[in-house]
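Sequential numbering from 1 along the given sequence is applied to the chain's residues. Every heavy atom of this structure was used, including side-chain atoms; hydrogens, water molecules and symmetry mates were not.
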Amino acid sequence: MNHELHRLATSLRDVTGAAIQIDKVGETIQRTLAALAEAIPHELSTMSELVGGALLVRAVHGRSAQDRFQGLRLPLDELPGLRSVLDGGRPTIWDDEDADDDRLYRRLFELPDERSALLIPIVIAGERLGLLTLDRARDERFEAHHVDIGAVHAQIIGLALAAASNANRIEELQAQLEEQKRYLTDEVASDAGRGLVLE
């Protein structure tokens with residue numbers, strides 16, 4: 001058990017260090033999903049980003065993962081169960097759900113009816129960023145310690161997404177400042193050319 005805890009701690013340290021490297025968000029997400037697969041046995045994990053009223057699948061991992069899953073758009077108005085998990089902000093375990101949106105979810109990801117799913121909202125500073133899901137094709141229930149481990153990994157992904165978003169916003173603000181600076185410089189030059197002096 002100590003060996004497993006040491007391996008988990010080392011893995012978490014590695015992916016946490018990568019999470020703040022804004023140019024490696026995709027790599028951080030993939031590495032985090034791979035680390036999660038070592039910590040919690042499952043068939044498929046997905047990381048979806050909240051974009052407007054839908055979840056956009058950015059990364060998939062596991063034996064059941066297919067390239068075509070990446071980029072899937074999951075409209076929340078058609079998947080109220082997923083919306084409820086996001087709105088609740090807490091990890092949720094679905095075991096053989098029979099809701100319409102769960103059937104649609106299983107069909108999209110080609111999952112069997114008898115399976116257990118762990119859904120973990122990715123939330124940073126109260127902002128909903130996305131959803132991390134783990135599915136087991138076997139009839140094995142996720143347990144409380146799986147929820148805790150998954151929640152830590154979801155936070156790492158959230159940090160990577162937030163860091164990238166903040167970096168993009170800073171770049172936008174810097175571009176706006178440069179544009180305002182050019183405008184003011186042109187205005188001052190134009191006024192100087194007309195003989196006006198600003199004091």
Side-chain angles (χ1 to χ4, degrees), residues 8-9 11-13 15-16 18-20 22 25-26 28-37 39-62 69-106 108-109 111 115-136 140-169:
L8 177 61
S11 175
L12 287 173
R13 185 184 65 235
V15 294
T16 303
I20 58 172
I22 58 173
V25 175
T28 297
I29 292 169
Q30 285 296 344
R31 286 177 61 187
T32 304
L33 293 182
L36 191 54
I40 305 172
H42 59 274
E43 302 293 320
L44 173 68
S45 58
T46 69
M47 182 272 144
S48 303
E49 190 171 5
L50 185 59
V51 179
L55 289 167
L56 181 64
V57 179
R58 287 195 54 180
V60 296
H61 189 273
F69 295 161
Q70 201 150 326
L72 278 178
R73 187 176 179 279
L74 311 173
L76 293 175
D77 57 346
E78 295 176 28
L79 298 159
L82 293 183
R83 179 188 297 278
S84 176
V85 170
L86 279 171
D87 289 346
R90 296 176 54 173
T92 303
I93 295 173
W94 282 356
D95 283 314
D96 302 327
E97 292 291 308
D98 196 34
D100 289 339
D101 62 328
D102 185 55
R103 283 194 290 274
L104 174 59
Y105 177 85
R106 288 193 316 258
L108 286 170
F109 292 105
L111 296 166
R115 64 90 165 91
S116 183
L118 175 57
L119 300 94
I120 306 169
I122 301 170
V123 180
I124 297 291
E127 183 180 356
R128 298 175 304 153
L129 302 177
L131 187 67
L132 175 63
T133 66
L134 286 76
D135 286 277
R136 287 180 161 176
E140 292 182 11
R141 184 174 170 79
F142 286 104
E143 298 175 14
H145 70 279
H146 295 138
V147 173
D148 294 339
I149 293 169
V152 170
H153 286 77
Q155 289 297 304
I156 293 167
I157 291 172
L159 288 173
L161 293 173
S165 175
N166 288 338
N168 290 340
R169 183 67 182 132

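- A side chain to side chain contact (heavy atoms under 4.5 Å, CB included) with R136 holds for exactly one of L111, I40, L44, L118; it is I40.
- Interatomic distance, L36 CG to S45 OG, rounded to the nearest 0.5 Å: 6.0 Å.
- Across all their heavy atoms, A117 and D135 have their closest contact at CB-OD1, 3.2 Å.
- Taking CG of L129 as the start and CD of E49 as the end, the distance is 7.5 Å to the nearest 0.5 Å.
- L82 places a side-chain heavy atom less than 4.5 Å from the side chain of L131.
- Inter-residue side-chain proximity for W94 and L119 is flagged as met; some heavy-atom pair is nearer than 4.5 Å.
- Heavy atoms only, all atoms of each residue included: L74 and S48 are closest at CD1-OG, 4.3 Å.
- Residues I93 and E143 form no side-chain contact, since every pair of their non-hydrogen atoms from C-beta on lies 4.5 Å or further apart.
- When all heavy atoms are compared, the tightest approach of Q30 to A59 is NE2-CB, 3.4 Å.
- Rounded to the nearest 0.5 Å, atoms OG1 (T133) and NE2 (H42) are 8.5 Å apart.
- Looking at heavy atoms from C-beta onward, L104 lies in side-chain contact with E78 at the 4.5 angstrom threshold.
- Contact check for I122 versus M47: side-chain heavy atoms found under the 4.5 Å cut-off.
- The NE2 atom of H61 lies 13.0 Å from the CD1 atom of I29; values are rounded to the nearest 0.5 Å.
- Nearest heavy atoms, I120 versus V147: CD1-O, 4.4 Å.
- Contact check for R106 versus R115: side-chain heavy atoms found under the 4.5 Å cut-off.
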Can you check side-chain contact (heavy atoms from CB on, under 4.5 Å) on L33 and L132, steps first, answer last?
CA-CA 9 Å; L33 293 182; L132 175 63; 3.4 Å; yes
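- Side-chain atoms of S84 do not come within 3.5 Å of backbone N or O of P80 as any donor-acceptor pair.
- Contact record, L86 with G130: CD2-O, 3.3 Å, taken as the closest heavy-atom pair.
- D77 meets the side chain to side chain contact (heavy atoms under 4.5 Å, CB included) test with P75, R83; sequence neighbours excluded.
- Looking at L159 and Q155, their side chains never come closer than 4.5 Å, going by heavy atoms from C-beta outward.
- The nearest pair of heavy atoms linking F109 to V57 is CZ-CG2, 3.9 Å.
- For V123, the side chain to side chain contact (heavy atoms under 4.5 Å, CB included) partners at least two apart in sequence or on another chain are P121, R128.
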